[in-house]
Number of protein chains: 2
Amino acid sequence: MRVLLVEDDMVLGSAVRDQIAADGHSVDWVQRLDAAGDYLRAAPYDLVLLDLMLPDGLGLNFLRKLRASGDVTPVIILTALDQISDRIEGLNAGADDYLVKPFDLQELTARLKAVARRYSGNPNPLVKIGELEIDIAARTIMRSGKTVTLTAREWALFEAFLQHPGNLLSKSQLEETLYTFDAEIESNTIEVHISRMRKKLGAGVIETVRGMGYRLEQS
Amino acid sequence: MRVLLVEDDMVLGSAVRDQIAADGHSVDWVQRLDAAGDYLRAAPYDLVLLDLMLPDGLGLNFLRKLRASGDVTPVIILTALDQISDRIEGLNAGADDYLVKPFDLQELTARLKAVARRYSGNPNPLVKIGELEIDIAARTIMRSGKTVTLTAREWALFEAFLQHPGNLLSKSQLEETLYTFDAEIESNTIEVHISRMRKKLGAGVIETVRGMGYRLEQS
DNA sequence: CTTTTTGCGTCAGCTTCCTGTAAGGTTTCG
DNA sequence: CGAAACCTTACAGGAAGCTGACGCAAAAAG
């Protein structure tokens, strides 16, 4: 993986560069933002590590311009700012992840791996059920090549099935995964969710056992 | 997934609660440690998010006591401390993971998933009877590799046999497992159910003892 | 801020198939 | 042989489940 490191602190920069190199990636290290722009224009990178440097918004502006220009290279921002609002601002500006200084280098390694997995090659382990390919970590389901999007509640239910493969789950069990106190729901909420999921996942994935509950098809 | 959030900061707490809810989980949010103890005693949770709040060690003590009491619920600690040694102390106290404030909500989501996944996937014990493999928790019966599906009533009867291995069960006893009230059934309902079960489970599994009742084949 | 979209709980009408009953066949045993 | 006990099949009724529609509220878009 090719990494561009934008960091003005010489000590931190060299430490990060060495760590990334030790992880087996190639690193270009620049100290200034305008130089970073040149590097990005010259060659493609798989990841940019961007130190926001000073809280004057220059780093964020750089990131916004980069995104506005259509560049989708994953960016992890490094920041000493400890306000959540700044972090969110960074993510809104188009960052993919962040690291708060001081961070330890193992954490950096972990983030690198995560981003690398997310954006390149074949990533997380897949669970296959019939014609479905499920990436639990990414919350992604592919159904014969097409992406299936589940809502939050639907995912919660689907996850409950995945965690108990082949098990029969009663409606009350499923309700408990959605609601804190078993509110003795006098309606068919679960049935409706199951119905909506079946429409997305296809028939035959979730089996009904009359009077007892539901079960996920195995393998 | 059922999550207990222990957080005294109202702003951060509500943000975290909303994020967890958006991920499709149910959340109970308490502001004080002793309340957290009550909640944990009252109901099982799949995960505890514990803010250490102040660096006076109270949160860590709470965690240590929890572990000492035999509770193994996964715990992620939230901490403002940015010293690696403090994180290690938290992990030693029995935490499963940690998040350093301020943290990104997506990060929280990722950790939730990771912890939830780490603690799932425990296979159920199997009971073997002849060529049948029975998973009582999953309410699943495998007959020479193929899944056998029993209806609600059939499973209720089968469970009665399983709970009294080798015992002879009279028809009236079996009727009582189906009808809580003494429903004085004037027909051959049990016989019919037994017949239908034998068709699914195979001959020789349920033995008839003329004039007395039925018995499940041993071993 | 207003408008539009989306998620989700509820309801009502429809469909499915479980289940109790009965009727006739088969086995067991005096 | 005959009666009692049990087995098996068929069937109707109704409970359990399915799904399109609606409304509200929250989020996203403008």
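The analysis underlying the following values was restricted to heavy atoms, covering all of them including side chains, and did not include hydrogens, waters or symmetry mates. Throughout, a chain's letter reflects where its sequence line sits, starting with A, and its residues are numbered from 1.
Looking at heavy atoms from C-beta onward, B:Phe161 lies out of side-chain contact with B:Ile129 at the 4.5 angstrom threshold. Within the 4.5 Å cutoff, the side chain of A:Ile76 has no heavy atoms near those of the A:Leu50 side chain. In this structure the side chain of B:Tyr179 reaches within 4.5 angstrom of the side chain of B:Thr189, judged on heavy atoms. Considering only heavy atoms from C-beta on, A:Val209 stays 4.5 Å or farther from B:Arg139 through its side chain. Within the 4.5 Å cutoff, the side chain of B:Tyr45 has heavy atoms near those of the B:Asp28 side chain. In this structure the side chain of B:Leu216 reaches within 4.5 angstrom of the side chain of B:Leu162, judged on heavy atoms.
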### Message
Output one letter per nucleotide in nucleotides 15-23 of chain D: B when a protein non-hydrogen atom lies under 4.0 Å from the base, S when only the sugar-phosphate is that close, - when neither is.
### Response
BBSBBSB--
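Rounded to whole Å, the distance from CZ on B:Arg17 to P on D:dA26 is 12 Å. Distance CG (A:Leu178) to C1' (C:dT10): 15 Å, rounded to an integer number of Å. The nearest whole Å value for the distance from the CZ atom in B:Arg153 to the P atom in C:dT21 is 11 Å. In this structure, B:Met197 places its CE atom 15 Å from C1' of C:dC18, rounding to the nearest Å. Rounded to whole angstrom, the span from the OH atom of B:Tyr179 across to the P atom of C:dC18 amounts to 15 Å. As a whole-Å value, the separation of B:Trp155 CH2 from C:dT19 P is 14 Å. If you measure from atom CG of B:Asp18 to atom C1' of D:dA25, you get 14 Å, rounded to the nearest angstrom. Distance CG (A:Leu174) to C1' (C:dG9): 16 Å, rounded to an integer number of Å.
Between its two ends, the helix from C:dC1-D:dG30 to C:dG30-D:dC1 turns its axis by 30°, counting five pairs per end and rounding to 10 degrees.
Aromatic ring orientation, B:Phe158 versus B:Trp155: tilted (interplanar angle from 30° to 60°).
Within the 4.0 Å cut-off from OP1 or OP2 of C:dT6, not a single side-chain nitrogen or oxygen of A:Thr151 is found. Side-chain nitrogen and oxygen atoms of B:Thr189 include at least one within less than 4.0 Å of the OP1 or OP2 phosphate oxygen of C:dT21.
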Donor-acceptor contacts, no H, no angles, side chain residues 142-149 of chain B, under 3.5 Å, sequence neighbours left out:
| from | atom 1 | to | atom 2 | distance (Å) |
| --- | --- | --- | --- | --- |
| B:Arg143 | NE | B:Glu131 | OE2 | 3.2 |
| B:Arg143 | NH1 | B:Lys200 | O | 3.0 |

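Just one residue in the list A:Val16, A:Val6, A:Leu4 forms a side chain to side chain contact (heavy atoms under 4.5 Å, CB included) with A:Leu49, and that residue is A:Val16.
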